[in-house]
Amino acid sequence: MKRRNFIQLAATTTSALAAGNLAFGFPGKAAKKELYEWREYEIHFGGSQSALHTYLEKALIPAFNKFGVKHVGVFKETGKTEPPKVYVLIAYPSFEDYTSINEKVKADNDYRQNSASWDKMPADKPVYNRFNTSLLIAFDGLPVMKVPAKEQRIFELRTYEGYNEDAVKRKIKMFNDEEFPIFYKTKLTPVFFGEAIAGPNLPCLTYMITFRNMEERDKNWAAFGADADWKRVSSDPQYANTVSNIRRVFLEPLPYSQV
């Protein structure tokens with residue numbers, strides 16, 4: 001009987017510790033951090049965006065879903081931009097899964113058939129000038145992307161550059177240790193946070209938050225700036241000079257986007 005009680009107590013304690021870690025934003029040992037691939041397609045003047053969207057919706061996204069990527073987001077910028085851009089977010093279960101999933105996608109017969117017309121696009125009718133890719137490792141405090149409900153909303157993508165690697169490291173610590181509770185409190189609803197390990201503008205981190213509209217966005221950012229905890233944290237000397245440049249873009253999901 002004593003042994004049985006000990007086993008039950010040990011199981012209960014382990015579950016409680018795991019729940020506590022998750023509640024405070026610290027993943028347990030078994031938690032895997034996602035890897036995010038962020039693509040920016042720059043559309044060629046006169047290029048067929050519909051061809052790109054058909055390829056993404058009918059070929060690429062189903063193939064990624066087939067081999068373990070649960071969510072692929074596709075976005076456009078709010079308003080009219082020149083040149084137009086299409087943004088793609090691919091959430092891999094982990095860094096280790098990145099290579100194996102891409103190899104499986106490229107070898108998949110369904111993917112090859114569904115992308116055949118895309119591969120045969122003539123050279124004199126390019127769809128895009130180029131696309132840039134960044135790879136981002138999820139933060140410890142948000143190891144898995146939070147996918148919002150399917151409803152009308154906007155997304156704000158922010159990239160924080162640092163003057164050196166230590167600055168970005170300290171800013172990530174600031175998020176993990178201090179800022180996430182303030183974000184939730186002031187309704188700056190996170191989608192993902194990632195440290196860039198490859199791509200332009202290094203060293204940097206990138207994150208995405210979401211709102212119903214711009215009015216809600218402005219209101220919630222104002223609440224964040226006025227928050228007493230944010231004022232305390234932002235004046236902490238250990239976090240001084242962590243951000244040297246901020247880039248931001250406002251996005252709308254495409255109808256077939258999974259984010």
Start with the C-alpha distance between Val249 and Glu156, add both sets of side-chain angles, then the distance that settles side chain to side chain contact (heavy atoms under 4.5 Å, CB included), and finish with yes or no. CA-CA 6 Å; Val249 61; Glu156 182 173 357; over 6 Å; no
Report the C-alpha separation of Leu60 and Val72 in whole Å, then their side-chain angles, then the decisive distance to 0.1 Å, and conclude whether the side chain to side chain contact (heavy atoms under 4.5 Å, CB included) test is met. CA-CA 9 Å; Leu60 191 67; Val72 179; over 6 Å; no
For a ring pair (Phe, Tyr, Trp, His ring centres under 6.0 Å) check, start with the C-alpha distance between Phe250 and Phe155, then their side-chain angles and the critical distance, and finish with the verdict. CA-CA 6 Å; Phe250 296 102; Phe155 296 85; over 10 Å; no
With side chain to side chain contact (heavy atoms under 4.5 Å, CB included) as the test, would you mind laying out the steps for Tyr55 and Met121 before giving the verdict? CA-CA 11 Å; Tyr55 163 70; Met121 293 292 292; over 6 Å; no
Mind running side chain to side chain contact (heavy atoms under 4.5 Å, CB included) on Asn129 and His44 for me, showing each step along the way? CA-CA 5 Å; Asn129 298 321; His44 184 76; 2.7 Å; yes
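Between Leu89 atom CG and Leu251 atom CG the span is 10.0 Å, to the nearest 0.5 Å. Note: Lys58 NZ to His53 NE2 = 13.0 Å, rounded to the nearest 0.5 Å. Here OG1 of Thr206 is found 11.5 Å from CG of Leu135. Values are rounded to the nearest 0.5 Å. Distance check: Lys106 NZ to Ile101 CD1 gives 13.0 Å after rounding to the nearest 0.5 Å. Atom CD1 of Ile137 and atom CD of Glu34 lie 10.5 Å apart (nearest 0.5 Å).
Within the 4.5 Å cutoff, the side chain of Asn102 has heavy atoms near those of the Phe64 side chain. Pro148 places none of its side-chain heavy atoms less than 4.5 Å from the side chain of Lys146. In this structure, Leu35 and Leu136 have side chains that are not in contact, with every pair of non-hydrogen atoms separated by 4.5 Å or more. Using a 4.5 Å heavy-atom cutoff, the side chains of Thr133 and Phe131 are in contact. A heavy-atom distance below 4.5 Å is found between the side chains of Glu216 and Asn213. Lys187 is not listed as a side-chain neighbour of Arg217, based on a closest heavy-atom distance of 4.5 Å or more. Put simply, the side chain of Ile209 reaches to within 4.5 Å of the side chain of Phe183, judged on heavy atoms. At a threshold of 4.5 Å between non-hydrogen side-chain atoms, the residues Asn220 and Thr186 do not count as touching.
Residues Phe224 and Glu179 approach most closely at CZ-OE1, 3.6 Å, considering heavy atoms. The two residues Cys204 and Asn201 make their nearest non-hydrogen contact at CB-O, 3.4 Å. In terms of heavy atoms, Ala138 sits closest to Lys33 at O-CD, 3.2 Å. Nearest heavy-atom pair, Arg112 versus Ala107, reported as atom, atom and distance to 0.1 Å: NH2-CA, 4.0 Å. Annotation for Met145 and Ala91: closest pair CE-CB, 3.7 Å, computed over non-hydrogen atoms. In plain terms, the two heavy atoms of Val74 and Ser257 that are nearest each other are N-OG, 3.0 Å.
Under 3.5 Å, the side chains of Gln258 and Asn65 contain a donor-acceptor pair of N or O atoms. Using modelled atom types, one finds no donor on one side chain facing an acceptor on the other under 3.5 Å when comparing Trp230 with Glu178.
Tyr92 has its ring centre no less than 6.0 Å from the ring centre of Tyr36. Residues Phe193 and Phe175 bring their aromatic ring centres within 6.0 Å. In this structure, Tyr87 has its ring center no closer than 6.0 Å to that of Tyr41.
Put simply, the side chain of Ser115 never gets that close to the backbone of Trp118: no donor and acceptor are under 3.5 Å apart. Under a 3.5 Å cut-off, the side chain of Asn114 and the backbone N or O of Asp110 do form a donor-acceptor pair. Using a distance-only test at 3.5 Å, with no hydrogens or angles considered, a donor-acceptor pair links the side chain of Arg170 to the main chain of Gln238. Although no hydrogens or angles enter the test, the distance criterion places a donor-acceptor pair under 3.5 Å between the side chain of Ser244 and the main chain of Glu161.
When hydrophobic clusters are built by joining Ile, Leu, Val, Met, Phe, Trp and Tyr residues whose side-chain heavy atoms come closer than 4.5 Å, directly or via intermediates, Val144 is not grouped with Leu205. One hydrophobic cluster, built from ILVMFWY side chains closer than 4.5 Å, holds both Ile61 and Tyr98. Residues Leu254 and Leu157 are members of separate hydrophobic clusters, defined by side-chain heavy-atom contacts under 4.5 angstrom among Ile, Leu, Val, Met, Phe, Trp and Tyr. Clustering ILVMFWY residues whenever any of their side-chain heavy atoms sit less than 4.5 angstrom apart, transitively, puts Met174 in the very cluster that holds Val243. Both Tyr111 and Tyr256 belong to a single network of hydrophobic side chains, linked directly or stepwise wherever heavy atoms of I, L, V, M, F, W or Y lie under 4.5 Å apart.
Classification of Lys169 and Asp166 as a salt-bridged pair fails, no side-chain N sitting under 4.0 Å from a carboxylate O. Under a 4.0 Å N-O distance rule, the pair Arg130/Glu42 qualifies as a salt bridge.
Between Val88 and the options Glu37, Arg39, Glu40, a side-chain contact (heavy atoms from CB on, under 4.5 Å) holds for only Arg39. With Thr210 as the partner, the side-chain contact (heavy atoms from CB on, under 4.5 Å) test is satisfied by one option alone out of Thr189, Leu188, Val259, Ile154: Thr189.
Between Phe192 and Trp38, the ring-plane angle classifies as tilted under the 30° and 60° cut-offs. Using cut-offs of 30° and 60° for the angle between ring planes, the Tyr207 and Tyr160 rings count as perpendicular.
For Arg158 and Trp221, the positive end sits near the middle of the six-membered ring, less than 6.0 Å away and at most 45° from its axis.
Heavy atoms from other residues, nucleotides or ligands lying under 6.0 Å from CG of Asn241 number 12 at most. Remark: Lys66 NZ is packed, more than 12 non-hydrogen atoms of other residues, nucleotides or ligands lying under 6.0 Å away. By the 6.0 Å contact criterion, NZ on Lys185 is enclosed, its count of non-hydrogen atoms from other residues, nucleotides or ligands being greater than 12. In the displayed structure, Lys171 atom NZ is contacted under 6.0 Å by more than 12 heavy atoms of other residues, nucleotides or ligands. The 12-atom threshold is exceeded at OH of Tyr239, counting heavy atoms of other residues, nucleotides or ligands nearer than 6.0 Å. More than 12 non-hydrogen atoms from other residues, nucleotides or ligands lie less than 6.0 angstrom from NZ of Lys150.
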